[in-house]
Protein chains: 2
Amino acid sequence: MDFMDEPLSQRFTVLYTHTSPDPISDFLTSHAASVRAVVSVGRLPITAEFISKLPSLEIVVCASVGFDHVDLDECKRRGVTVTNAGDAYGEDVADLAVGLLISVLRRIPALDRYIRSGQWTRLWDYPFGSKLDKKKVGILGLGSIGSLIAKRLEPFGCVISYNSRSPKPDVPYIYHPEVLSLAAANDVLILSCSLTDETHHIVDRKVMETLGKNGVIINIGRGGLIDEKEMVKCLVEGVLWGVGLDVFDNEPEVPEELFGLENVVLSPHSAGMTAESLNNVTEVALSNLKAFFSDQPLIFPVQLD
Amino acid sequence: MDFMDEPLSQRFTVLYTHTSPDPISDFLTSHAASVRAVVSVGRLPITAEFISKLPSLEIVVCASVGFDHVDLDECKRRGVTVTNAGDAYGEDVADLAVGLLISVLRRIPALDRYIRSGQWTRLWDYPFGSKLDKKKVGILGLGSIGSLIAKRLEPFGCVISYNSRSPKPDVPYIYHPEVLSLAAANDVLILSCSLTDETHHIVDRKVMETLGKNGVIINIGRGGLIDEKEMVKCLVEGVLWGVGLDVFDNEPEVPEELFGLENVVLSPHSAGMTAESLNNVTEVALSNLKAFFSDQPLIFPVQLD
């Protein structure tokens, strides 16, 4: 990616898949012998097949918090080290989650469009938003990002509860062992868990119907956490009040039915994308590469077991 | 306003200026004898001339926090009582201030437009936003709303300082006696003071230049706090990073030069406009009217001295 090109190329010989005219498998084959490290910035899956084409591969450096696009079993089998970006983006992701929530409730992008299109000709002549104060907010996945979101929402007067595999110690929020009971108890669901076989489509039509017509969903986790087809239907049918989405099933594709909806705020997987954090992530990636090739301790190694 | 019509008309005989075909002065003249109360919802100035046309007027009920559009001296002289909406909108206004700030920094409406117009064809191929964490935020006017904004921004890692007529006791934030030093010390200015002769155009070109090209201004106070013409120039010239505006000099008119700018978020004076707060404000207005006409204590009387 552009923001990494210069710093990386000062120290390493960098080959770019995304600007190569060759299909990815040809690209890998032609550089098979020389590639010792892969820096994964986009969502290109690092599959067993991908890895099998790189016999000299020693490390996969993910410039992301998530690493569900990397075949960790195959990395382990091959003895390939994996690192991620640690919590580099945590604050930014939490900030965007809150920003999307206020944007959906208070219709910020919709009202911005309303003014820019010249429709504001009479004071207070538009559909009003909904108050954040006292909203009950259920967080799906109270890891580091979920916790940052909860902390930010407290002074807004929100009542926080959460679902995760098990209750967290020392957390002042109500625990719901089931997603359905989390949806039933709350006005807002924020999806901040990682995507696994267990959490795939964890928000299905039943969860959305349970959240109900005043319900809002914010997804800053992964597109696969929500049944996107059913979500589109729910939004069109008024089953939900609105959604704020930073992630999608098949990025950069976004269901076109969403483009005309006023109760939706769309964001291009930008939750972690601030200039400041990208500098930080570039430094972490570089540090991990340097450390690896000089036998120093890694900053954010991913446990392969 | 529509949201008040039914509750008010159940108890009182209501005449509407905004749906009357007559010019306002004819309207007032034709109802002169009968009008005992004015409920002020929009921004129609309640001037000495307005008041002089209503010899039976006893009370002006403002369904707003601000009352700078009411000639208080004339009300005092005539013995007309004035009430406002107390802090009915405080939380909503603070919420929108934070929402606008995140929207400007993280480019939420701009990126929403980007997706809806079909431009998202490659991951992370757009200008990135700026991080909220550790931003230095200066609040102009640390009254009830300014304090709610400060409280909300604390867990985002913002460093808060403020300007007001005098330092507030028991406030953990740095005090700046001058607006220029507040601008020099901060990345963000949030305007939440009331509009008076002293605060008119308190944010002039010099303040904007001092805030600088990474600076962001959020105005949820009144349009007149900022020199709008100079602000437009500063945005076009890149003197500022961006602005989020809920208020304008001459609402509902918005300078058309802003419509094409990507570093601007526009909101139609909607900071207090949530369904929940409007219900609340309607109740307060009704309660004040009922209390006044049955000699009971008023809820939010405005001091006329």
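The chains referred to below are lettered A, B, ... by the order of the sequence lines, with proteins before strands, and numbering in each begins at 1.
Residues Glu276(A) and Lys134(B) are not in side-chain contact: their nearest non-hydrogen atoms beyond the backbone lie 4.5 Å or more apart. Counting heavy atoms from C-beta outward, Val98(B) and Phe156(A) have side chains that approach closer than 4.5 Å. Looking at heavy atoms from C-beta onward, Val264(B) lies in side-chain contact with Arg116(A) at the 4.5 angstrom threshold. Within the 4.5 Å cutoff, no side-chain heavy atoms of Met273(B) are placed close to those of Leu123(A).
Proximity to chain A (any heavy atom under 4.5 Å) is restricted, for Ile102(B), to the side chain, taken from C-beta onward. Proximity to chain B (any heavy atom under 4.5 Å) is restricted, for Thr121(A), to the backbone atoms N, CA, C and O. Looking at Leu111(A), the atoms closer than 4.5 Å to chain B (heavy atoms on both sides) sit in the backbone and in the side chain alike. Contact annotation for Phe248(A): only side-chain heavy atoms (C-beta onward) come within less than 4.5 Å of a heavy atom of chain B. Only the backbone of Leu258(B) comes within contact range of chain A, with heavy atoms under 4.5 Å apart.
By number of non-hydrogen pairs under 4.5 angstrom with chain B, the leading residue of Ala110(A), Gly157(A), Ser277(A), Pro109(A) is Pro109(A). Put simply, of Pro252(A), Pro155(A), Ser130(A), the one with the most heavy-atom pairs under 4.5 Å next to chain B is Pro252(A). Between chain A and the residues Pro268(B), Gly129(B), Ser103(B), Ala275(B), the most heavy-atom pairs under 4.5 angstrom are made by Pro268(B). For the set Glu251(B), Glu154(B), Glu253(B), Arg107(B), the entry with the most heavy-atom pairs within less than 4.5 Å of chain A is Glu251(B). When each of Ser117(A), Ala271(A), Gly244(A) is checked for heavy-atom pairs under 4.5 Å with chain B, Ala271(A) comes out on top. In terms of heavy-atom pairs under 4.5 angstrom with chain B, the leader among Leu148(A), Leu101(A), Leu261(A) is Leu261(A). Chain B forms more heavy-atom pairs under 4.5 Å with one residue of Leu96(A), Asp95(A), Leu105(A) than with any other, namely Asp95(A).
Exactly one residue among Trp124(A), Phe128(A), Tyr126(A) makes a side chain to side chain contact (heavy atoms under 4.5 Å, CB included) with Ser270(B). That residue is Tyr126(A).
A distance-only check finds a donor-acceptor pair linking the side chain of Arg106(B) to the backbone of Asp92(A) [under 3.5 Å].
Pairing each heavy atom of Val265(A) with each of Ile108(B), the nearest pair is CG1-CG2, 3.7 Å.
In this structure, Leu153(A) CG and Arg152(B) CZ are separated by 10.5 Å, a value rounded to the nearest 0.5 Å.
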